[in-house]
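Within every chain, numbering begins at 1; the chains are lettered A, B, ... in the order of the sequence lines, protein sequences first and strands thereafter.
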There are 2 protein chains.
Amino acid sequence: MGAMRRAHHPATEELSLPEVMAALSDPLRIGLVRLLADGAERGWGELRAPVAKSTLSHHLRVLRDAGVTRTRQEGTRCFVVLRRRDLEDRFPGLVEALLGAADAEDVGGGVHLASDAGSTAACR
Amino acid sequence: MGAMRRAHHPATEELSLPEVMAALSDPLRIGLVRLLADGAERGWGELRAPVAKSTLSHHLRVLRDAGVTRTRQEGTRCFVVLRRRDLEDRFPGLVEALLGAADAEDVGGGVHLASDAGSTAACR
DNA sequence: TTCGTTGTTCGTCGAATATCGAACAAGCTG
DNA sequence: CAGCTTGTTCGATATTCGACGAACAACGAA
């Protein structure tokens, strides 16, 4: 793939509150964070969103540049994980509050895993 | 003044998480929210920020439209107050987390009250 | 009524953002 | 090596955003 040259990944101390807030102000990106909320590392290929792959790549980059997620590359594919610990250290309670609110109104519901049946209606 | 026609003020149930997050992703607006964090209603004239008044008006509008603040008009001047209760109802913990993080790194420190000596160095 | 005060709105600019399709690059696979 | 898969990057748009100064509107005061 495109090398993902210099994946950047800001250090914990470098996280910027406005930047993180901005990264978390897009429904699609909130949806991605919700998917990653369980702490599991997800493969790019598992992610399904109603946008072109280049657009999804862009959003994942915004999250990564802001320090919200960490991307790892393994062979041809890459994996994403939420940097929950780092975020909690710098902005205590922020992610939890966001996730609570986002779940309550299903923000970013268009984003789901490949294994999911139909987004909201997971079971049955 | 410019009438402030149809101040809009979304109802509590209408608050949008992405919109609120976006409103809170600007350093200057975060600074304003920090000023209003004590729950006190502030007059427009008390607010000091390193931008033109039209720009400040714009930011206050963004906050109001997103439902973060409420603006009241009294005669010639208007007053602003943080809609903390409403925000807490819809997005529990969000404002508190934001304020905690913002205070920790003095985000939006350029915004202060007219009575403040020099922003950070309040006393002496 | 004529000012002065106080904010809002307008027009404009440059920068940033969201999106897409196409081209590209880096690893596997055959 | 040739080809496939998987993402990234590159334009190209269209939209939005932040900022400013100037014009405007509403109210109180002289």
Side-chain angles (χ1 to χ4, degrees), chain A residues 1-9 16 18-32 41-66 68-81 107-108 110-111 114, chain B residues 1-9 16 18-32 41-66 68-81 107-108 110-111 114:
Chain A
M1 29 98 155
M4 193 207 300
R5 35 189 186 240
R6 307 233 285 41
H8 204 207
H9 287 123
S16 146
E19 198 177 338
V20 167
M21 293 295 288
L24 299 177
S25 70
D26 183 280
L28 197 147
R29 291 196 290 262
I30 291 179
L32 289 170
E41 187 180 59
R42 300 295 183 179
W44 215 102
E46 295 181 78
L47 309 176
R48 292 286 179 282
V51 292
K53 66 175 182 174
S54 57
T55 302
L56 180 54
S57 181
H58 161 69
H59 284 298
L60 286 169
R61 182 156 132 81
V62 171
L63 287 174
R64 188 185 61 210
D65 286 353
V68 174
T69 60
R70 189 182 305 283
T71 298
R72 182 173 65 85
Q73 199 175 178
E74 187 179 307
T76 303
R77 67 192 69 178
C78 53
F79 300 86
V80 189
V81 67
V107 177
V111 184
Chain B
M1 30 101 155
M4 190 206 303
R5 33 186 188 245
R6 305 238 280 44
H8 203 208
H9 288 124
S16 146
E19 198 176 337
V20 168
M21 292 295 289
L24 298 177
S25 69
D26 182 280
L28 197 148
R29 291 194 292 261
I30 292 179
L32 289 170
E41 186 180 59
R42 300 295 183 178
W44 215 101
E46 294 181 78
L47 309 176
R48 291 287 179 279
V51 292
K53 66 174 184 175
S54 58
T55 302
L56 181 53
S57 181
H58 161 68
H59 285 298
L60 286 169
R61 181 154 132 82
V62 172
L63 287 174
R64 188 185 60 208
D65 286 353
V68 175
T69 60
R70 187 181 307 282
T71 297
R72 181 173 65 84
Q73 200 175 176
E74 186 178 308
T76 302
R77 67 192 69 178
C78 54
F79 300 85
V80 189
V81 67
V107 176
V111 184

Requested in this report: Please identify each residue that fulfils salt bridge (Lys or Arg N to Asp or Glu O under 4.0 Å) with B:Arg48, with sequence neighbours left out.
Outcome: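 Applying salt bridge (Lys or Arg N to Asp or Glu O under 4.0 Å) to B:Arg48 gives none.
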Under 3.5 Å, N/O pairs linking protein and nucleotides 12-15 of chain D:
none

Query raised in the report: Please, which pairs that meet salt bridge (charged side-chain N to carboxylate O under 4.0 Å, His left out) have at least one residue in residues 19-30 of chain A, sequence neighbours excluded?
Result: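 Applying salt bridge (charged side-chain N to carboxylate O under 4.0 Å, His left out) to every pair that reaches into residues 19-30 of chain A, excluding sequence neighbours, yields nothing.
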If I take atom [atom1] in residue [X] and atom [atom2] in nucleotide [N], what distance separates them, rounded to the nearest angstrom?
X	N	atom1	atom2	result
A:Glu74	C:dC28	CD	C1'	13 Å
A:Asp26	D:dC17	CG	P	12 Å
B:His59	D:dT16	NE2	P	18 Å
A:Arg77	C:dT29	CZ	C1'	13 Å
A:Leu28	C:dA18	CG	P	10 Å
B:Arg61	C:dT9	CZ	C1'	9 Å
B:Ile30	D:dG18	CD1	P	12 Å
A:Asp65	C:dT17	CG	C1'	14 Å

Requested in this report: Report yes if at least one side-chain N or O of B:Trp44 is closer than 4.0 Å to OP1 or OP2 of C:dT8; otherwise report no.
Outcome: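 So the side-chain polar atoms of B:Trp44 do come within 4.0 Å of the phosphate oxygens OP1 or OP2 of C:dT8, strictly under.
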Query raised in the report: Would you say D:dG18 has OP1 or OP2 under 4.0 Å from some side-chain N or O of B:Arg29?
Result: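 Result: yes.
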**Report entry** Residues touching DNA chain C, which here means a heavy atom under 4.0 Å, drawn from residues 49-58 of chain A
**Finding:**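 Nucleic-acid contacts, sorted: A:Val51, A:Ala52, A:Ser54, A:Thr55, A:His58.
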Query raised in the report: How long is the gap from OG on B:Ser57 to CZ on B:Arg64, to the nearest 0.5 Å?
Result: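 Output value for this atom pair is 7.5 Å.
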Query raised in the report: For B:Arg61, does the CZ atom sit with more than 12 other heavy atoms under 6.0 Å from it, leaving out its own atoms?
Result: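 No, not enclosed.
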Query - Counterpart residues, side-chain contact (heavy atoms from CB on, under 4.5 Å), relative to B:Arg70 (two or more places apart) - result: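 B:Arg70: side-chain contact (heavy atoms from CB on, under 4.5 Å) contacts with B:His9, B:Val81, B:Arg83, B:Asp86.
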Query raised in the report: Listed by chain and number, what are the side-chain contact (heavy atoms from CB on, under 4.5 Å) partners of B:Pro27, not counting sequence neighbours?
Result: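 Scan of B:Pro27 (side-chain contact (heavy atoms from CB on, under 4.5 Å), adjacent residues dropped) gives A:Pro18, B:Val107.
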Just so I know, are the side chains of [X] and [Y] near enough to count as touching, which here means a heavy-atom distance under 4.5 Å?
X	Y	result
B:Leu47	B:Leu32	yes
A:Val68	A:Val62	no
B:Trp44	B:Thr71	no

